[in-house]
Amino acid sequence: MKYTTLGRSGLAVSTLTLGTMTFGSETEAEEAHAQLDQYTAAGGTMLETADVYSGGHAEEIVGEWLRGQSNAARDRLVIAGKGRFPVGVDARDSGTSRRHLRRALEGTLGRLGVDHLDLYQVHSWDPVTPLDETLGFLDSAVQSGKISYAGLSNFLGWQIAQAASNVRGRFPLISMQPQYNLLAREVEWEILPACEANGLGVLPWSPLGGGWLAGKYSQESRPSGATRLGEDPERGVEAYDLRSGEPRTWRVLEALQGIAEAHGQSMSRIALAWLSAQPAVSSVILGARTTRQLADNLGSVEVMLSAEDLATLDRASDPEPSAWPYGAAGREQRSRALA
Ligand SMILES: NC(=O)c1ccc[n+]([C@@H]2O[C@H](COP(=O)([O-])OP(=O)(O)OC[C@H]3O[C@@H](n4cnc5c(N)ncnc54)[C@H](OP(=O)(O)O)[C@@H]3O)[C@@H](O)[C@H]2O)c1
């Protein structure tokens, strides 16, 4: 395992984080606990969860495991949570108001059985709540010791810039979670530069595109069986028809397969190694249904991609923006030679 500091802060984290979104849904408690044992035995230190995962059950599963750990083992962990979306039946109990976030954070602490979180992240922008109200809540949560650091998730570039400039050092805002993987690189246009300019470490979610980059889906047949899209082909941003209709998907998978064969490694490991090599990325949030998948993914730290491998993957996955504002003409307009 490798380690880094998160954003412009002194918080040390492993460069692979364990995500818990599958816990209590695709992954039963016993298998989830085995994943937690396996991850920490491999030197992993950062657990990432959210109150909405399996309606709070994912946090309960993590809490149950934490209670079985020694104080020393618990102390080694950085625990991150997220709040913003409704957990109960009332869909209006949502957003980033002081009221909602206070209750969301208390709920998370209770289910995890801890008295504070190392990192608490706003799960997504809320167009209704004034930003100052949200930042005021995070500030008071830091001052009261309920959280040590705050972070963002799914914010756009201008939202990141607005949040960071309003914080102005009042409390440590240190991270941001976007979807980022070889099939979703549009975040490189505005979101990652905004994170870098404002000292936020990037924690990419869905690093394997929900399983696509493991090479399990094909053009010839629709998914079936015990896989995310086998169980629900319409699921989320990884939906089969969305991704299979994009020629880029198949270009990326072909490039990944070639490099995986040359290295004698799985496609998942190559995709994760590419992501870890991106300069803005602090720690990649792994997702797994089984301990077998997690073992595969943890092995990505051993993979050393050459400059040529990285360039091949960059080319195959290029989202090819039009010339302006994100393509060559826009980049040229923003450049300035000093020599
Ligand atoms: N901030 C946010 O809004 C947000 C959103 C989504 C996720 N997240 C976080 O990011 C974490 C990771 O996201 P994700 O679960 O979507 O990640 P992912 O790595 O893109 O997808 C994980 C899924 O891919 C399949 N898989 C993983 N490793 C594999 C391997 N080695 N071989 C074959 N199949 C493999 C498994 O699904 P099957 O076996 O079912 O095919 C697994 O559940 C989550 O746990 C959560 O903590 C955050």
Side-chain angles (χ1 to χ4, degrees), residues 1-4 13-19 21-22 26-27 31 34-46 48 179-185 188 202-220 223 225-230 238 243-244 246 248-319:
M1 187 60 72
K2 294 176 185 154
Y3 302 89
T4 187
V13 294
S14 52
T15 57
L16 296 176
T17 292
L18 182 62
M21 191 173 71
T22 55
E26 298 104 298
T27 308
E31 180 83 7
Q35 284 191 24
L36 287 157
D37 289 338
Q38 181 186 17
Y39 171 73
T40 49
T45 61
M46 172 123 135
E48 130 69 30
Q179 185 197 191
Y180 188 25
N181 59 56
L182 277 163
L183 298 175
R185 289 183 52 199
E188 294 172 6
V202 172
L203 305 169
W205 59 261
S206 283
L208 295 177
W212 274 94
L213 297 169
K216 63 176 65 183
Y217 300 123
S218 85
Q219 227 164 347
E220 286 72 43
T227 60
R228 216 174 255 194
L229 298 186
E238 58 261 44
R243 289 251 160 95
S244 68
E246 276 280 335
R248 177 164 52 129
T249 300
W250 306 108
R251 270 203 314 273
V252 168
L253 291 176
E254 195 183 330
L256 263 183
Q257 190 177 10
I259 295 172
E261 279 168 13
H263 281 258
Q265 296 283 356
S266 66
M267 289 168 65
S268 309
R269 284 185 181 181
I270 304 296
L272 294 169
W274 174 87
L275 191 54
S276 294
Q278 302 311 306
V281 169
S282 297
S283 184
V284 170
I285 311 177
L286 301 179
R289 179 190 285 256
T290 62
T291 49
R292 197 181 170 137
Q293 291 175 352
L294 182 58
D296 185 18
N297 300 345
L298 287 168
S300 64
V301 284
E302 310 298 337
V303 175
M304 290 302 297
L305 295 177
S306 67
E308 196 188 329
D309 294 333
L310 291 168
T312 301
L313 291 169
D314 285 347
R315 267 195 309 278
S317 61
D318 189 342

Mind jotting down which residue pairs meet the ring pair (Phe, Tyr, Trp, His ring centres under 6.0 Å) criterion with at least one end in residues 258-280? Sequence neighbours excluded, please.
Tyr180-Trp274
Taking all non-hydrogen atoms of both residues, which atom of Pro207 and which atom of Asn181 are closest, and how far apart?
O-CB, 3.2 Å
How close do Thr40 and Leu36 get, counting heavy atoms only, and between which atoms?
OG1-O, 2.8 Å
Using the side-chain contact (heavy atoms from CB on, under 4.5 Å) criterion, which residues pair with Thr291? Sequence neighbours excluded.
Glu31, Ala34, Gln35, Gln38
Pairs touching residues 280-310 that satisfy ring pair (Phe, Tyr, Trp, His ring centres under 6.0 Å), sequence neighbours left out
none
Quick one, Trp212 with Leu182, criterion side chain to side chain contact (heavy atoms under 4.5 Å, CB included). Give me CA distance, side-chain angles, the key distance, then yes/no.
CA-CA 10 Å; Trp212 274 94; Leu182 277 163; over 6 Å; no
Taking ring-ring contact (aromatic ring centres under 6.0 Å, His included) as the test, write out the residues that go with Tyr39, two or more places apart.
none
Can you spot which of Arg243, Gln179, Arg228 makes a side-chain hydrogen bond (donor to acceptor under 3.5 Å, both in side chains) with Glu238?
Arg228
Heavy-atom distance under 4.5 Å between the side chains of Tyr217 and Thr227, does that happen here?
yes
Arg251 side chain vs Ser317 backbone, donor-acceptor pair below 3.5 Å
no
Who are the salt bridge (charged side-chain N to carboxylate O under 4.0 Å, His left out) partners of Glu188, not counting sequence neighbours?
Arg185
Residue list, side chain to side chain donor-acceptor pair (under 3.5 Å) with Ser306, at least two apart or on another chain:
Asp309
Would a 4.5 Å heavy-atom cut-off, applied to side chains only, mark Leu313 and Leu256 as touching?
yes
What pair of heavy atoms forms the shortest contact from Val284 to Pro204, and how long is it?
CA-CD, 3.9 Å
To the nearest 0.5 Å, tell me how far Met21 CE sits from Glu48 CD.
9.5 Å
Just how far is it from atom CD of Gln293 to atom CG of Leu208, taken to the nearest 0.5 Å?
9.0 Å
CE-CD distance between Met304 and Glu302, expressed to the nearest 0.5 angstrom:
10.5 Å
Taking side chain as C-beta onward, heavy atoms only, is Asn297 less than 4.5 Å from Leu16?
no
Can you check whether Met1 reaches Leu298 side chain to side chain, under 4.5 Å on heavy atoms?
yes
Minimum heavy-atom separation for Ser276 and Val281, please, with both atom names.
CA-CG1, 4.5 Å
Are any non-hydrogen side-chain atoms of Leu203 and Met46 less than 4.5 angstrom apart?
yes
In short, Ala280 meets Val202 closest at the heavy-atom pair O-CB, 3.3 Å
Distance in Å, Leu213 CG paired with Ile270 CD1, rounded so as to fall on 0.5 Å steps:
12.0 Å
If you apply the rule side chain to side chain contact (heavy atoms under 4.5 Å, CB included), what do you find for Thr17 with Leu286, and how did you get there?
CA-CA 6 Å; Thr17 292; Leu286 301 179; over 6 Å; no
If you look at every heavy atom in Ser14 and Gly43, which pair is closest and at what distance?
CB-O, 4.1 Å
